[in-house]
Participant: 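Please see the structure below; I have some questions.
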Amino acid sequence: EMDINGVHTNSNSAVYDILGYKVEEVIGFSTTKLWTKISKETQIEEYKKSLAAGIGWKNYPAYFSHKNGTIKILLSSAIPIHNTNGELCGYRGIDRDITERVMNENFLKSQREHVKLINQILRHDIANDISVITSAVRLYENTDDKNYLEEIKKRLSKSQELIQSMRDHEAHILDNDNLKVFSVQDVI
């Protein structure tokens, strides 16, 4: 539970399981102090509007900092609490830890993108080789020049090597599931 300013007034022991804080550590603490920089920069205005409107929120994703420094993604829902005079006095809600689900979704998304890239490379390069082979077959049929057969063999070999290279690349990615996608530009 929190007051109308977003300061925790009550909690349960699940906060320790999810964020590593004891109940007494979060009471009197604004929920936004537990947010990561990402949530503070991108969601604070929307959150303040929800508080001001007094209507609560449903399935609101936010990035929280675990006490150990890791990031937790919580899906928050809350309803308004009114006193006996009908005045808004706070919110009661629940936060569900969706970190693992989001991480799995991101992993699957990167795997799909990787497969898409491999397929694009294979389609493009093999289609080029097939075009060259088709032309070489026509030219060979018209000229009986054995050099065209060598070009056909070369292009078939190149396509087989590409397929094997992509198979090796895929195996490397699958065998090293701890690899992470990052921006080279950011590193530079």
Side-chain angles (χ1 to χ4, degrees), residues 1-121 169-170 172-188:
E1 292 180 0
M2 61 178 63
D3 64 17
I4 59 174
N5 298 312
V7 175
H8 291 144
T9 57
N10 192 11
S11 188
N12 64 35
S13 60
V15 72
Y16 182 79
D17 298 334
I18 296 172
L19 295 175
Y21 292 95
K22 295 178 184 172
V23 171
E24 54 271 13
E25 291 179 287
V26 297
I27 302 298
F29 223 69
S30 171
T31 195
T32 58
K33 288 186 179 180
L34 299 173
W35 284 7
T36 64
K37 187 177 180 181
I38 297 167
S39 282
K40 287 178 184 175
E41 290 176 353
T42 61
Q43 297 172 308
I44 195 75
E45 292 307 316
E46 186 178 338
Y47 175 71
K48 285 179 180 178
K49 286 178 188 175
S50 293
L51 288 177
I55 57 173
W57 52 90
K58 185 173 179 142
N59 295 329
Y60 186 86
Y63 292 79
F64 283 78
S65 294
H66 188 282
K67 192 171 184 177
N68 67 14
T70 59
I71 294 174
K72 291 290 190 169
I73 306 166
L74 304 182
L75 198 58
S76 180
S77 295
I79 58 171
I81 302 171
H82 296 91
N83 62 20
T84 55
N85 296 330
E87 298 167 334
L88 177 67
C89 59
Y91 298 90
R92 179 176 296 128
I94 185 168
D95 293 327
R96 290 184 296 133
D97 184 358
I98 60 168
T99 308
E100 188 173 336
R101 183 182 90 190
V102 171
M103 299 295 275
N104 288 336
E105 288 170 357
N106 288 341
F107 176 75
L108 290 174
K109 181 181 175 186
S110 74
Q111 291 294 348
R112 280 192 300 272
E113 289 172 6
H114 184 77
V115 167
K116 184 179 175 184
L117 177 63
I118 288 174
N119 283 333
Q120 285 175 335
I121 292 168
H169 178 70
E170 179 184 12
H172 176 73
I173 296 296
L174 294 175
D175 290 343
N176 295 284
D177 59 356
N178 60 340
L179 296 175
K180 293 186 169 74
V181 176
F182 64 93
S183 168
V184 176
Q185 188 173 10
D186 290 346
V187 172
I188 292 171

Participant: Check whether any side-chain heavy atom of Lys49 lies under 4.5 Å from a side-chain heavy atom of Glu46, and answer yes or no.
Facilitator: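 A side-chain contact is absent here, since even the closest heavy-atom pair is not under 4.5 Å.
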Participant: Just how far is it from atom NZ of Lys22 to atom CD1 of Ile27, taken to the nearest 0.5 Å?
Facilitator: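 Interatomic distance, Lys22 NZ to Ile27 CD1, rounded to 0.5 Å: 14.0 Å.
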Participant: Could you tell me which non-hydrogen atom of Pro61 sits nearest to which non-hydrogen atom of Asn59, and how far apart they are?
Facilitator: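 Heavy atoms only, the tightest pair is CD-O, 3.3 Å.
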Participant: Tell me which pairs pass side-chain hydrogen bond (donor to acceptor under 3.5 Å, both in side chains) where either residue lies in residues 82-91, with sequence neighbours left out.
Facilitator: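 Found Asn83-Glu87.
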Participant: Measure the spacing between SG of Cys89 and CD1 of Ile4 and express it to the nearest 0.5 Å.
Facilitator: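 Nearest 0.5 Å value for the SG-CD1 distance: 8.5 Å.
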Participant: Applying ring pair (Phe, Tyr, Trp, His ring centres under 6.0 Å), can you list everything that pairs with His66, at least two apart in sequence or on another chain?
Facilitator: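 Partners of His66 by the ring pair (Phe, Tyr, Trp, His ring centres under 6.0 Å) criterion come out as none, since no residue qualifies.
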Participant: Please check: side-chain N/O of Ser77 versus main-chain N/O of Ile94, any donor-acceptor pairing under 3.5 Å?
Facilitator: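 Not a single qualifying donor-acceptor pair exists.
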Participant: Are any of the side-chain heavy atoms of His169 and Leu117 separated by less than 4.5 Å?
Facilitator: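 No. Closest side-chain heavy atoms not under 4.5 Å.
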Participant: For the CD atom of Gln111 and the CD atom of Glu170, what is their distance to the nearest 0.5 Å?
Facilitator: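 Between atom CD of Gln111 and atom CD of Glu170 there are 9.0 Å.
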Participant: How far does CG of Asn106 sit from CD1 of Ile73, to the nearest 0.5 angstrom?
Facilitator: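 One finds 7.0 Å between CG of Asn106 and CD1 of Ile73.
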Participant: Taking all non-hydrogen atoms of both residues into account, name the closest pair between Gly28 and Val7 and its distance.
Facilitator: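 Minimum heavy-atom contact is C-CG1, 3.4 Å.
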Participant: If you count every heavy atom of other residues, nucleotides or ligands that lies below 6.0 Å from Tyr16 atom OH, does the total exceed 12?
Facilitator: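 No.
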Participant: Once side-chain hydrogen bond (donor to acceptor under 3.5 Å, both in side chains) is applied, do any residues pair with Lys58, and if so which ones, sequence neighbours excluded?
Facilitator: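 Applying side-chain hydrogen bond (donor to acceptor under 3.5 Å, both in side chains) to Lys58 gives none.
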Participant: Are more than 12 heavy atoms from other residues, nucleotides or ligands located less than 6.0 Å from atom CD of Glu24?
Facilitator: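 For Glu24, atom CD is crowded (more than 12 foreign heavy atoms under 6.0 Å).
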Participant: Among residues at least two apart in sequence or on other chains, which ones pass side-chain hydrogen bond (donor to acceptor under 3.5 Å, both in side chains) with Thr36?
Facilitator: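 For Thr36 there are no side-chain hydrogen bond (donor to acceptor under 3.5 Å, both in side chains) partners, ignoring immediate neighbours.
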Participant: Not counting sequence neighbours, which residues clear side chain to side chain contact (heavy atoms under 4.5 Å, CB included) with Asp97? List them please.
Facilitator: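 For Asp97, the residues satisfying side chain to side chain contact (heavy atoms under 4.5 Å, CB included) (neighbours in sequence not counted) are Ile18, Lys72, Leu74, Thr99.
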Participant: Mind checking ring pair (Phe, Tyr, Trp, His ring centres under 6.0 Å) for Tyr47 and listing every partner two or more places apart, or none if nothing turns up?
Facilitator: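 With neighbours one apart ignored, the set is Trp35, Trp57.
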Participant: Look up atom CZ in Phe29 and atom OG1 in Thr9, then write down how far apart they are to the nearest 0.5 Å.
Facilitator: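 Phe29 atom CZ to Thr9 atom OG1 measures 15.0 Å (nearest 0.5 Å).
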Participant: Identify whether the distance between the nearest side-chain nitrogen and carboxylate oxygen of Glu105 and Arg101 falls below 4.0 Å.
Facilitator: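 Judged by the 4.0 Å cut-off on N to carboxylate O distance, Glu105 and Arg101 do form a salt bridge.
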Participant: Say you draw a straight line from CD1 of Ile98 to CE of Met103; how long is it, rounded to the nearest 0.5 Å?
Facilitator: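 Here the rounded value is 12.0 Å.
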Participant: Kindly indicate whether the side chain of Lys67, heavy atoms from C-beta on, has any atom under 4.5 Å from the side chain of Leu19.
Facilitator: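 No, side chains not in contact.
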